[in-house]
Amino acid sequence: PGVFQYAGLNGNPRQFTEGSWNHLSPRIGFAYAPGFGGGKTVLRGAAGIYYSPIPGVGFYGPGPGFNTTYNPIKANATAPATPLVPTYTLPPVNGPQGEAADLGVSITQPLNRQALNPQTYQWNIGVQRELIRNVVLEVMYAGNRGTHLLDNTNIDLPAQSVIDAAIAAERASGKSGTASSYLSQAVANPLSGLVPGTLGAATVSTANRALRFPQFSAVTVLTNSRDSVYHSLQTKLEKRLSSGLTLLVAYTFSKLIDNVLEPNYNSGESTNFGSWQNPYNLRDARAVSSFDRTHNCTSSFVYAVPVGRGKRFFNSGWQSAIAGGFSITGILTAQSGDPMAITQGANGLGLTGSRPDQVAGPSVNASVQGTNNANGSVQWLNPAQFVQVDGRYGSAPIRQSDTRGPDIWKLDLGIQRDFRIMEGVKPGFRAQAFNALNHTNLNLPTETLNSPAYGQITGVYSPRVFQFSLKLQYCSCEISLP
């Protein structure tokens, strides 16, 4: 197993994937204004099916099975342009390396001809009501369901029966390290001399001999085995422009569950996707998503100060020239903390990751949460909530829905003014303060249980930042009349 095949060679089709002709993407929506309520109430709903493309290998790196790459990017600004000439030499039968491609090394993202396009079902239904003039309230339920989601997975694993035998051996002996010793025991290698490097040695470990593709050190592919489900209650209060003021308040109460090991791009430098300890069981990776935020509230406003020409106050003279034309903006953001993803050091099974046992609820963190340590860090998690395991899988979920990091909130403010110098020329000035109140938003704590810094927060998100900008709008218009 694991022999490379090349598109367009040895009877293989030229397409990278088998493709699909059944990607129908229907969408439907409605809006209905019932007769009651003076025409100020509207019911809305919609549903649809959407598909995402399947990414290929990188443009500038050698694809699996190829030993050459062509990079059209210049080394630096003064280097001569790279000539557009082919650099691949393809033998007529077996392709660049043939069946010997990448023996003894790891393989990353070979193209999967059976890959399916990720699919998403989306739906929503809600009601919108004008409360008073220019003020509208909207309440909506929205959800989606993702299937065939992509994940970068190492499929070169030992047979599950071998891992189960190692777990059973440690349970029977009652001694820590038994499972690791069982899996690392040297046995005769059936690929001795046939594969370069250590994988072709006379003996290999029990775990390596049981690999699905023992001729490779790892095989990482994009699989379509993941899924997600999202439900949310979304509310929005909007005051449309009147008396110079526009106001929007939006709040979402939601839950997102998936089994995808996606990085959490909302957590700054922190990765918070957890550790998939049992790759033979997808349910082990299912939990609240690293993107999950139970509560998320955003408010914004734009206010045109009623001063200056055409406004209520100081609408003429030097006062208008000095104080007129200003507007103030603001955005207030508040959201729940990230779900914690507690891991530990190696558990002796040598798989994709390790998690501890959970022996207490999140309430044990209350006694330490927010306390200052002697090293200047802030303690957020209590180590007594978990204990490390060896020779088996831990009971802690991959991500904790009831144990979360610090909440985040910040206020961004801005002030701007446009000037009028002459017809068609309008310079403008803008000053902004991000996190204007300089509120301290704590980063995520260390989530590795065996780390001396476990549960400690040693960093913060961005402090207050000022930004100033100037702009110039110029419009030269000419109108010709017959």
Side-chain angles (χ1 to χ4, degrees), residues 106 151-185 205-208 210-212 217-220 226 258-264 267 270-290 338-360 362 364 380-403 405 444-456:
S106 62
D151 193 79
N152 220 16
T153 304
N154 178 23
I155 61 172
D156 192 17
L157 300 170
Q160 184 176 357
S161 59
V162 173
I163 300 297
D164 291 342
I167 295 174
E170 179 151 330
R171 183 185 301 115
S173 70
K175 295 181 179 180
S176 179
T178 301
S180 178
S181 298
Y182 179 93
L183 294 171
S184 59
Q185 183 178 358
S205 68
T206 299
N208 278 359
L211 290 173
R212 182 179 180 184
S217 60
V219 180
T220 304
R226 307 309 175 101
D258 65 21
N259 53 18
V260 183
L261 305 183
E262 74 285 341
N264 187 350
S267 295
S270 303
T271 55
N272 197 46
F273 46 83
S275 176
W276 187 25
Q277 61 178 354
N278 183 359
Y280 307 102
N281 183 1
L282 266 179
R283 291 193 63 84
D284 179 72
R286 188 172 182 82
V288 291
S289 171
S290 61
D338 303 10
M340 293 289 92
I342 309 302
T343 62
Q344 67 163 54
N347 61 7
L349 300 181
L351 297 175
T352 52
S354 306
R355 300 201 301 269
D357 276 346
Q358 182 170 346
V359 295
V364 301
W380 193 258
L381 301 175
N382 190 337
Q385 188 179 4
F386 303 94
V387 295
Q388 294 188 68
V389 301
D390 184 78
R392 61 180 176 85
Y393 307 121
S395 64
I398 190 169
R399 290 176 292 275
Q400 304 270 336
S401 63
D402 54 4
T403 302
L444 292 179
T446 300
E447 298 169 280
T448 304
L449 185 60
N450 57 306
S451 169
Y454 172 76
Q456 298 178 15

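If you read the sequence from its start, that first residue is 1, and numbering goes on from there.
- Contact of the S401 side chain with the P339 side chain is not registered, since no non-hydrogen atoms from C-beta on lie closer than 4.5 Å.
- Taking the charged nitrogens against the carboxylate oxygens, R226 and D151 do have a contact shorter than 4.0 Å, which makes a salt bridge.
- For the atom pair T352 OG1 and Y280 OH, the distance stands at 9.0 Å (nearest 0.5 Å).
- Of the possible donor and acceptor atoms, none in the side chain of N347 sits under 3.5 Å from a partner among the backbone N and O of V389.
- In this structure, S180 OG and Q185 CD are separated by 11.5 Å, a value rounded to the nearest 0.5 Å.
- Between the OG atom of S217 and the CG atom of N208 there is a distance of 9.5 Å, given to the nearest 0.5 Å.
- The shortest side-chain heavy-atom distance between I155 and P279 does not fall under the 4.5 Å cut-off.
- Within the 4.5 Å cutoff, side-chain heavy atoms of V162 are placed close to those of T206.
- Scanning both residues, L444 and G405, for their nearest heavy atoms gives CD2-CA, 4.2 Å.
- Contact detail for L349 and A179: the closest heavy-atom pair is CD2-CB, 4.1 Å.
- Considering CZ of R171 and OG1 of T178, their distance stands at 12.0 Å, rounded to 0.5 Å.
- At a threshold of 4.0 Å, the pair D258-R399 counts as salt-bridged, since one of the basic side-chain nitrogens sits closer than that to a carboxylate oxygen.
- At distances below 3.5 Å, at least one donor-acceptor pair connects side-chain atoms of Q358 with backbone N or O atoms of A360.
- Taking CG from L282 and CZ from R286, the interatomic distance works out to 9.5 Å, rounded to the nearest 0.5 Å.
- Using a distance-only test at 3.5 Å, with no hydrogens or angles considered, no donor-acceptor pair links the side chain of E447 to the main chain of M340.
- Nearest heavy atom pair, residue L449 against residue P356, reads CD2-CB, 3.7 Å.
- For the pair T448 and Y454, the minimum side-chain heavy-atom distance is 4.5 Å or more.
- In this structure the side chain of I163 reaches within 4.5 angstrom of the side chain of Y393, judged on heavy atoms.
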Using the side chain to side chain donor-acceptor pair (under 3.5 Å) rule, take N154 and T220 through it: C-alpha gap first, then chi angles, then the decisive distance, then the call.
CA-CA 4 Å; N154 178 23; T220 304; 4.6 Å; no
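- The shortest side-chain heavy-atom distance between V359 and Q385 does not fall under the 4.5 Å cut-off.
- Remark: D338 CG to T403 OG1 distance equals 13.0 Å, nearest 0.5 Å.
- Taking each heavy atom of S275 and R355 in turn, the nearest pair found is O-NH1, 2.6 Å.
- Taking all atoms of both residues into account, the shortest heavy-atom contact from S354 to G345 is CB-O, 3.2 Å.
- Considering all non-hydrogen atoms of both residues, I398 and W276 come closest at CD1-N, 4.0 Å.
- Checked for salt-bridge contact, R392 and D357 meet the test: a charged N lies under 4.0 Å from a carboxylate O.
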